[in-house]
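Side chains are part of it too, since the values below use all heavy atoms of this structure and drop only hydrogens, waters and symmetry mates.
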Amino acid sequence: QVQLVESGGDSVQAGGSLRLSCAVSGYRYRSYSIGWFRQSPGKEREGVAAIGGDDSTFVKYAFQGRFSVSRDAARNTVYLQMNNLQPEDTAMYFCAFSDRVNNILNMPPTGLFNVWGQGTQVTVSS
């Protein structure tokens, strides 16, 4: 049974950086994709970035230049590096697992992700 554990959320000042981690366990095969999503109160969940089983990556245009996604295969962990954080980045950040997509050309729809983490809170103050 696949499990995801996010960590790294914190409260930071505008302009600061955070690195979120998504530790994957319970999956015996190497090839899986991870998506990062975020949700603020009263807003819909939105995709942020994703990394494919072939290590292809996609970062949503609105976050390019500030956010990046990477994988440490030895640790079965995927990271979301976030730089120059702004108050509008305040949200709960979730990672999600998919064994249904391998090559990432754009942000896969939420329906392709079959396991979700519990979320980690990011709060950015001005």
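- In this structure, Ile34 and Phe97 approach most closely via the heavy-atom pair CD1-CA, 3.9 Å.
- Hydrophobic clustering (side-chain heavy atoms under 4.5 Å, transitive across Ile, Leu, Val, Met, Phe, Trp, Tyr) keeps Phe94 apart from Tyr32.
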Does the pair Ser7 and Thr120 meet the rule for a side chain to side chain contact (heavy atoms under 4.5 Å, CB included), with working shown? CA-CA 6 Å; Ser7 60; Thr120 186; 5.6 Å; no
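- Ser126 and Pro87 get closest at one heavy-atom pair: CB-CG, 3.9 Å.
- When each of Val69, Val59, Ile51 is tested with Trp36 by the rule side chain to side chain contact (heavy atoms under 4.5 Å, CB included), just one qualifies, namely Val69.
- Transitive grouping of hydrophobic side chains (ILVMFWY, heavy atoms separated by less than 4.5 Å) keeps Leu4 and Tyr79 in distinct clusters.
- When each of Met107, Gln39, Lys60 is checked for a side chain to side chain contact (heavy atoms under 4.5 Å, CB included) with Glu46, only Lys60 meets the rule.
- Summarising the geometry of Cys95 relative to Glu6, their closest heavy-atom pair is N-OE2, 2.8 Å, with the distance given to 0.1 Å.
- Atom CE of Met92 is separated from atom OG1 of Thr123 by 8.5 Å, given to the nearest 0.5 angstrom.
- Under a hydrophobic clustering in which Ile, Leu, Val, Met, Phe, Trp and Tyr are joined whenever their side-chain heavy atoms come within less than 4.5 Å, directly or via other members, Val12 and Leu80 fall into the same cluster.
- Rounded to the nearest 0.5 angstrom, Asp54 CG and Ser33 OG are separated by 7.0 Å.
- Val48 is not connected to Phe58 by any chain of hydrophobic side-chain contacts under 4.5 Å among Ile, Leu, Val, Met, Phe, Trp and Tyr, and they are in different clusters.
- Between Leu20 and Phe67 the shortest side-chain heavy-atom distance does not fall below 4.5 Å.
- In the hydrophobic clustering of ILVMFWY residues, with side-chain heavy atoms under 4.5 Å counting as a link, Phe37 and Leu18 come out apart.
- The nearest pair of heavy atoms linking Phe113 to Ser98 is CD2-CB, 3.6 Å.
- Residue Gln86 forms a side-chain hydrogen bond (donor to acceptor under 3.5 Å, both in side chains) with just one option from Thr90, Asn84, Asp89, and that option is Asn84.
- When every heavy atom of Asp55 is checked against every heavy atom of Arg71, the shortest pair comes out as OD1-NE, 2.8 Å.
- Separating the CZ atom in Arg66 from the CG atom in Leu85 is a distance of 6.5 Å, to the nearest 0.5 Å.
- More than 12 heavy atoms of other residues, nucleotides or ligands shown are found within 6.0 angstrom of CZ on Arg100.
- Annotation for Ile104 and Ser56: closest pair N-OG, 2.7 Å, computed over non-hydrogen atoms.
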